[in-house]
Amino acid sequence: DYVPFDPIVKRTEGTVRDKKTGEVFKTSKGAPHVLLKLLPATDTLTHEAVERDVKQLGEKGIRCLAVAKTNPLGEWELLGLVTFLDPPRPDTHSTICSARAFGVAVKMITGDHLLIARETARVLELGEVIHDASGLPLLDPVTKMKPPHLARDYGGLCLRADGFAQVYPEHKYLIVECLREMGYKIGMTGDGVNDAPALKRADVGIAVQGATDAARAAASIVLTQPGLSTIIDGILIARRIFVRIRNFITYRISATLQLLVFFFVAVFLFKPADYQPDDDVFVDSADWPSFFHMPVLMLMLITLLNDGTLIAIGYDTVTPLKTPERWNLRALFFLGAVIGGVACVSSLLLLYLLLTSWQAGGFCQSVGLAGLSYGQITTSIYLKVSISDFLTLFSARTGENFFWTSFPAPILLGAGCMALGASTIIACTWPQSSPDGIYTLGLGRRKPYALAFYIWVYCIVWWVIQDFCKVGAFWLIKKYNWFNFNDTGKLVLPSSTVKYIELHKDDDLNAENKH
């Protein structure tokens, strides 16, 4: 008879017959503390010797298995200990340090002896608070259901501990489930059958290279090469993708707000007919309209060039954050509103300056841009909105930093330059026409020919102002922690866990010193 290894029983057993003598006896191999339970209770010397040797070996990080057999009376006798080394992978320490540097808490859950776990934690610098499984929850023996108040009763223990030793598969599963109930995102690595339930339950189950078929089937990700450093690469790639998506959404919010608010306000606030010059100096063939609006074709060109440029943002150069990413929609909309608001104000101001170009002593006349036709005003606003939209993209992509602190990817820079160039060429060469009944005229078809250049300068100046306002908005929400911005993505311990840590601090230290 043969009983294979069971991760719960933690030993294997077989029945052997000696071919020479015909003697039949049982043999067993497994965890020393498990096999000691098979020995007669009166064999105290063996118990003491094994516990002493296991402790001495464990303090050096040496693992051991016990081997036993039955005597002719059917009683178990310990034959000895088999020692072996199972050191952490060479890159494990650096992987743990990197994970912590990026805001990921790392905990060890192992079925090894507590002494082995403590030595491993010391080598890997995991922490000093390593518990055995005595305080961990178990599934209901009848219904196999988890405890009804898992997070409430065991959340503090799971968060406080740096690791657990001598655990069963259900312990691993319940630790993962407990942390998930508390709202944390859990990644789990493993390679054995006993890891499969926890790998399946984790948000991201990772089966390491050489894992069993059961572990590979339960995992979300299967590593095909030795080591764990690939996990850090995956974290960084995911965070870069998140940053690109966030930059895209920030830009889209700001650009949309600029367009919608600008045209909404301009329609009600400005009546071009009120700014129309006298007949003796009037150069247009038709009266100015009673409200400001732009041809649909111009709006379509702005949208088309914008969308074409945004495709390249997926290849932009970004820096991943040091903390896990998490959506903070209130902060996102606030920052997008600040960026778009500045651009909207600058567009409204330019429209006013252009409409008053015929007024004596006005700004336009002081810079040599007097006497603009309504067609030039319409095309000028098209060019301004286009340039502001594209420049806003380069401001939104750098987050809390100034736009010059991070150079964009060549493909994004190229797409932006092409869109800006195309918008400028269209604005300068637009033929004299009246699409949708709105008079339009290219900026290069009538004096002042430098109008497009002045609009470019105006947009760049306001782009710098916009970027300073963005950085200032970030400074404010970080200084006063608006929208809980400073806690976004950070591991914040609940009050119950903080209380648990204070109550059990002495117990943890005493347990560490004891072992």
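Checking each of Lys185, Arg244, Arg240, Arg246 against Glu325 for a salt bridge (charged side-chain N to carboxylate O under 4.0 Å, His left out) leaves exactly one that passes, namely Arg246. For the side-chain hydrogen bond (donor to acceptor under 3.5 Å, both in side chains) criterion with Arg397, the lone passing option out of Thr317, Thr250, Asn247, Asp316 is Asp316. Here the rule is salt bridge (charged side-chain N to carboxylate O under 4.0 Å, His left out) with Asp195, and of Lys172, Arg201, Arg216 only Lys172 fits it.
Using the six-membered ring where Trp is involved, His33 and His113 have ring planes that are perpendicular, over 60° apart on the 30 and 60° scheme. Note on ring orientation: taking the six-membered ring where Trp is involved, the planes of Phe483 and Phe334 are tilted (angle from 30° to 60°). Below 30°, between 30° and 60°, or above 60°: for Phe242 and Trp327 the angle between ring planes is between 30° and 60°, a tilted geometry.
Here Lys478 pairs with Glu400 in a salt bridge; the nearest charged N to carboxylate O distance falls below 4.0 Å.
Checking Lys470 against Thr398 by side-chain atom types alone, a donor-acceptor pair falls below 3.5 Å.
Between Asp389 and Leu259 there is a side-chain heavy-atom pair separated by less than 4.5 Å. Proximity of Leu228 to Gln209: side-chain heavy atoms (C-beta onward) are nowhere separated by under 4.5 Å. Considering only heavy atoms from C-beta on, Lys26 comes within 4.5 Å of Glu13 through its side chain.
No more than 12 heavy-atom neighbours from other residues, nucleotides or ligands sit within 6.0 angstrom of CZ on Phe333.
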